[in-house]
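Right, one structure below, let's go through it.
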Amino acid sequence: MNAELSELRDSARQVLAAEGLAAPEDKTWPLALDLGWLLVAVPEAQGGLGQGLAGACAFHAEMGRSLCAAPYLPAMLAMEAAIHAGREDWIERLGASGFVTAPLVDPTLTITDGGIVAGMASAVPSADRASHVLLGSEAGDCVALVALQQAGIDARHRETWDTTRRLFDLRFDNVAGDPSLVLARGNDAHVLSRRLATHRDFALAADAVGGAATALEMTVEYLKTRRQFGRPLALFQALKHRCADLKARIAAAEALLADSLVRVGTEVDSERAEALGKAAKSFAVSAYAAVAEEMLQLHGGIGMTAEHACHLFLKRALLDEQLGRCTSYELDVADTLLGAG
Amino acid sequence: MNAELSELRDSARQVLAAEGLAAPEDKTWPLALDLGWLLVAVPEAQGGLGQGLAGACAFHAEMGRSLCAAPYLPAMLAMEAAIHAGREDWIERLGASGFVTAPLVDPTLTITDGGIVAGMASAVPSADRASHVLLGSEAGDCVALVALQQAGIDARHRETWDTTRRLFDLRFDNVAGDPSLVLARGNDAHVLSRRLATHRDFALAADAVGGAATALEMTVEYLKTRRQFGRPLALFQALKHRCADLKARIAAAEALLADSLVRVGTEVDSERAEALGKAAKSFAVSAYAAVAEEMLQLHGGIGMTAEHACHLFLKRALLDEQLGRCTSYELDVADTLLGAG
Amino acid sequence: MSQAPEALRTEVRAWLQNNIPRDWRAAMTGTDQDAFVRAQREWFGKLVKAGYATPHWPEGWPGGGRSLAEQKIIYEEVARADAPRLILFFVALYHAACTLIEWGTDEQKRAHLPGILDGKLWCQGFSEPNAGSDLAAVRTRAELRGDRYVINGQKIWSTLAQHADYCLLLVRTDTAGPPQAGLTYLLLDMRSKGVSVRPIAQITGDDEFSEIFLDDVEVPVSDRVGGEGQGWAVAQSTLASERGLTLVELSHRMRYALNRITGLMRARGVAGDAALRRDLGRLAPKVDAACALADQYLLKRIENTEAPGDASIVKLHYARTLRDFTALGLRIAGLQGQYREPFIRGGGMETGNWPFDFMNSYNWTIAGGSDEIQRNIIAERMLGMPREPKDWRL
Amino acid sequence: MSQAPEALRTEVRAWLQNNIPRDWRAAMTGTDQDAFVRAQREWFGKLVKAGYATPHWPEGWPGGGRSLAEQKIIYEEVARADAPRLILFFVALYHAACTLIEWGTDEQKRAHLPGILDGKLWCQGFSEPNAGSDLAAVRTRAELRGDRYVINGQKIWSTLAQHADYCLLLVRTDTAGPPQAGLTYLLLDMRSKGVSVRPIAQITGDDEFSEIFLDDVEVPVSDRVGGEGQGWAVAQSTLASERGLTLVELSHRMRYALNRITGLMRARGVAGDAALRRDLGRLAPKVDAACALADQYLLKRIENTEAPGDASIVKLHYARTLRDFTALGLRIAGLQGQYREPFIRGGGMETGNWPFDFMNSYNWTIAGGSDEIQRNIIAERMLGMPREPKDWRL
């Protein structure tokens, strides 16, 4: 991580820490906009910080660390699409004030040549606050922005156990798209789709790594404080060893994420980048879930109360596991090694 | 376990303990014969002890406990077949002095109506000492005893990492069987095959449960004796908790085995018995492997030396996993619950 | 009250078939606690009348005098029939009744046992914020003033205390000497002045546990169970009162609930997924083993051959298996399982609301002696591994 | 000796292509140790000549003066080319040489460093039967008599000591005071009177470790490294001499060896098994993470930002991943994998002889500080969890 990025990251960490864990979206989203966090991956030539995907992931990790409720990830996907398409108008709009959301799982929809959108996009964060949604057709041959305030779109809030995300199902009943908002078609759309999937997977990996780190820190802190049988729990070797295993697992996920980002470099739309993203996501989210599960167990009864933060980590970790393309990642990794089954 | 059986079992345990762990086959096989261990499942009407499959499993568990090298399991399969077929001549012969072996994995061979045997039987213990081998055709329509001292049979010793078993590959090149040694044909052969598979799986489960119990006892004993950093290892809570988990896993395997044997009762040739045997085997052998793996780790360097017994347990556990129908058991259990995939 | 086992089984099975509230799961889905309490009371009334609520009570009481083997049959059938669990009355029927039967004065028995049959509710006041698995660390203070104890302190994890009429209260009457020796056991009327109850919002959205705050609460000496300083021993009886039976019921329920996993696999179109089939094929024998352990444990209790640690093994294995069970369901449910749906109040451990069930399973790995405590017990009492020295502190 | 990284990489890659012994794996399969030693000597000779055996030695020595980054490139290429590991010379090239370079007198350096390049073999005499991971418990006694130490005791787990010319020997010269302070570090000529070596038969069938028995063995005071009582500090240098590099090599070798698993799946006809594919898909990122951890650890060493516990994480993760890797191979191999086949001497950690590899992987979870020790270090030094009190004994 270069010095500029690490400074930016540290200040984001401070700002988010000041807001507290799982601070609401209406407090953290304006911060993200005001402090320019959406510009981190935008090339310098286009007025951004030029920190690329690795820079973006440093921020995604901070979102994970603080269980941030702001819809930073979908907004960054929209920004990634605008960068790819060279749409400086949208880069500016997204960086300054606008919010465009995007589904965090692959949508099942068609976009005709004429731009008619039909089908379903699930797991779309904060869709009620967005002006547009970024959609890719299931066939991968079109990526477009679609305005949300129009007829034929049914948005339904789906309450999740994870309260730090607000997901929507969007149903499109032959909605007329705006041709000027088509960002890519044909092969270019395939490349952009790959780029978006890569960003999404790395972002989820970063979210997981950040969340897991905080979860373990809080757990260790709790064990140092909490006494049972006249001793701090942190003195019990069985618990120490479990924490050590979790630490090693988080460190491995962090290392894999960092290493994979170095390997990707600027080739963010390559097949290799997509494969690396899948592996990093798969490894990181299972580490996160394991840490969050142990966090709850090691906190004992207090972790079972809604007042304590344990469950927020657990619920976010469990949702992270199901975002992206969920469990099929492992099979995809095997495909890379063995060829398709 | 009834009083008679538990007395028999205790005396077998004493006898085997006196021989020491992994005592060679030429010392333990005569004991098995002399002490009537092969008669345990034979009905009283036929001169046996009438203790059924549960009785047999009590002895299989003792074989596992002591890592016994005697080919008790294949001999008991032959006995089971003789009981099923009502062949009192063979019951007597097998119980008194003869040794008939049997493959511990499903053979891939055909037996024609005329009794011609062709194909392969793998994992046949101590075939060089047996007069006959018990074979079932792959199609399940014939079960027969085949004399080993005849032309067309190629017996090849396959050295295993587990030195407490001596397995052979037997290749049959159109060997003429003896019609008087066909024990079952047609539907009766299917029923007998099921009965043999049931006995084999329960026996392997019992072997595993017995072996795992000794392995854990030895490990706990070692931890109590061995000191590091000025304390007995048994005082370190992380190690205590791991031993406790192993104990619970063994207890669960024992309970499942005992309960399944009660459910089977005398219906040893039912489909239900076969399904219960598969589940018990699958659960017990993975417990055994887990215990043996931890045994090695918890013994540290000394466990890595051939002089110490750790590896004998590990190697036997790993072989047990691959005997029977190995990993497909789990899929079979799922078939029972879900129907065939 | 003795009866041929199969006859009892047939009788209970028939009774359950005719009496289980129709569609009780649907009725309890997304309901509030008051409706739940009403439904429980109704079900309780039926069971009491049939004699199936109190098989463990002594001969002479309605339904009482059943052997453990007979009690087991009743529980197995309740599990098989997927009848509602009687959780609202559990403390009253087991903890309170058994403690009173073993330790209570005649007067105390007369005062309370008939009330339990009439539907009086009890809760347990053992755990405290700083004494999770360690009862010896109880700090709630009781001072004897004349013929009353005056109590100050706080209890936690008290199941459904917000509905209770009485509380089994463990308090400290002496701070000198060994910590166990300073405990005393009281029967607290929850309407007493100074008692306040606050339900705990749980991570599952349920609120079946409460905190109890005790502020200068007075309890007459006549409501003490056992002598002053005997609280530890009395509490052990309370905790032993249902040893084994609950886990027979729950493990058998889990076995029947395997069809919720297979049903989910079919509904999600992944019944052919070899990896999930393997997971299921690994889980099912583990569930069967949980049943076998619970059954055999009860048999040991019947035959009086229970050894130290046996109960820990049953609980540890059940708890881990329940975690695996619910985790598998959760993963199969996929993104759909992440959407919050109303839970079934009193629906047991495998309701098919997978995130709820998964989180709820922590009740078994944490409460009633956590997995970690069970491992200590198994290592020390069964395997004979040494305990850490008492004076080992930082 | 500095060079553009990519130029070095190209050069090493080309050299390896031309110089790796053809079919060395086949040649080392089922061979005896003498043939292995000959092959290792030959390979060593080539590497020394090319300067690739001693990149970590100081400037001025043949091949020496390479930065850690350059050393890493060499190791990566060795792994990529699947070259034989130089295990027979490892202690000489790293442990002995680095210790002498840091602590040796000029005379000691002159006496021993050139010999190492000529092929003199060294072994390590640290571990003892009752001091596995705990060097402070070393009991082998050295008494100063005139200008010589007289040594009695026993060492164990000494790699290939049966072939060694010299031994790095840690002995106790003082039994009073803190245990670390009584240790002294000696250079032992293995031909000395009273030294006997017994190879240990391992469970894998290999015998790469030995016991060393020391019976009134005399070592001149001039062969002491550091002062009397400084043995602990000198030993730390020895152990740190190859920190990081070995695990870069081994983790990268493991990554290339993933094709042994995929090859096995194809050969066994189970390449389409969804459950195994999922296992493989879980393993592969774990292997990649092992590489990433090793690489990043070395970077920290280069940048001097290593923190306590970092090395433990790298080792623990590598060791667990190697266990998973070999266990997966073992299970895929099925019954065929249970038949004993000759192993490849010096063939590394993933030879495709799966039971051998699986058992051999315990060397990484047990030796060099077991997993349990690494967990203690991580918990205490990285997470700041308290140590057990020193006086905590039974």
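The chains referred to below are lettered A, B, ... by the order of the sequence lines, with proteins before strands, and numbering in each begins at 1.
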* Relative to chain D, which segment of A/K224 carries a heavy atom at a distance below 4.5 Å: side chain, backbone, both, or neither? -> side chain
* **Salt-bridge criterion met for A/D335 and D/R277 (N-O under 4.0 Å)** => yes
* **pair A/K240-D/E380: side-chain heavy atoms closer than 4.5 Å** => yes
* If you measure only the distance, is there a donor-acceptor pair under 3.5 Å linking the side chains of D/D371 and A/H241? -> no
* What are the two closest heavy atoms between A/L337 and D/R266, and how far apart are they? -> O-NH2, 3.8 Å
* To do: Examine whether an atom of D/L316 lies under 4.5 Å from a heavy atom of chain A, and if so say whether it belongs to the side chain, the backbone or both; otherwise answer neither.
  => side chain
* Which bit of D/D279 is near chain A, if near means a heavy-atom gap under 4.5 Å: side chain, backbone, both or neither? -> neither
* **A/L256 side chain near D/P285 side chain, heavy-atom distance below 4.5 Å** => yes
* Structure fact -> Heavy-atom closest pair (A/F283 atom, D/H317 atom, distance to 0.1 Å) is CZ-CE1, 4.1 Å
* Asked: Taking atom CD of A/Q237 and atom CZ of D/R375, what is their separation to the nearest 0.5 Å?
  -> 9.5 Å
* Asked: Looking at A/A248, A/A252, A/A279, which has the largest count of heavy-atom pairs under 4.5 Å with chain D?
  -> A/A252
* **Separation between CD of D/Q374 and CG of A/D245, rounded to the nearest 0.5 Å** => 11.5 Å
* Asked: Does a sphere of radius 6.0 Å around CZ in D/R381 hold more than 12 heavy atoms from other residues, nucleotides or ligands, not counting ones at 6.0 Å or beyond?
  -> no
* Heavy-atom side-chain proximity of A/L235 to D/R387 below 4.5 angstrom -> no
* Asked: Can you tell me how far CD of A/E221 sits from CE of D/M385, rounded to the nearest 0.5 angstrom?
  -> 10.0 Å
* Asked: Between atom CG of D/L293 and atom CG of A/D259, what is the distance when rounded to the nearest 0.5 Å?
  -> 9.5 Å
* Do A/L216 and D/L383 have side-chain heavy atoms sitting under 4.5 Å apart? -> yes
* Kindly compute the distance separating CD (A/E330) from CZ (D/R278), expressed to the nearest 0.5 Å. => 6.0 Å
* **More than 12 heavy atoms from other groups under 6.0 Å of CD on A/E271** => no
* How far does CD1 of D/I313 sit from CZ of A/R249, to the nearest 0.5 angstrom? -> 13.5 Å
* Crowding at CD, A/E7 (>12 non-hydrogen neighbours, <6.0 Å) -> no
* Check: A/A255 main-chain N/O paired with D/Q296 side-chain donor or acceptor under 3.5 Å -> yes
* To do: Check each atom of A/L223 against the heavy atoms of chain D and say whether the ones under 4.5 Å are side chain, backbone, both or neither.
  => side chain
* To do: Just give me the residue among D/A274, D/G384, D/A284 that pairs up with chain A most often, heavy atom to heavy atom, under 4.5 Å.
  => D/G384
* Decide yes or no on side-chain contact (heavy atoms from CB on, under 4.5 Å) for D/L280 and A/V333, but give the supporting numbers first. => CA-CA 8 Å; D/L280 173 65; A/V333 172; over 6 Å; no
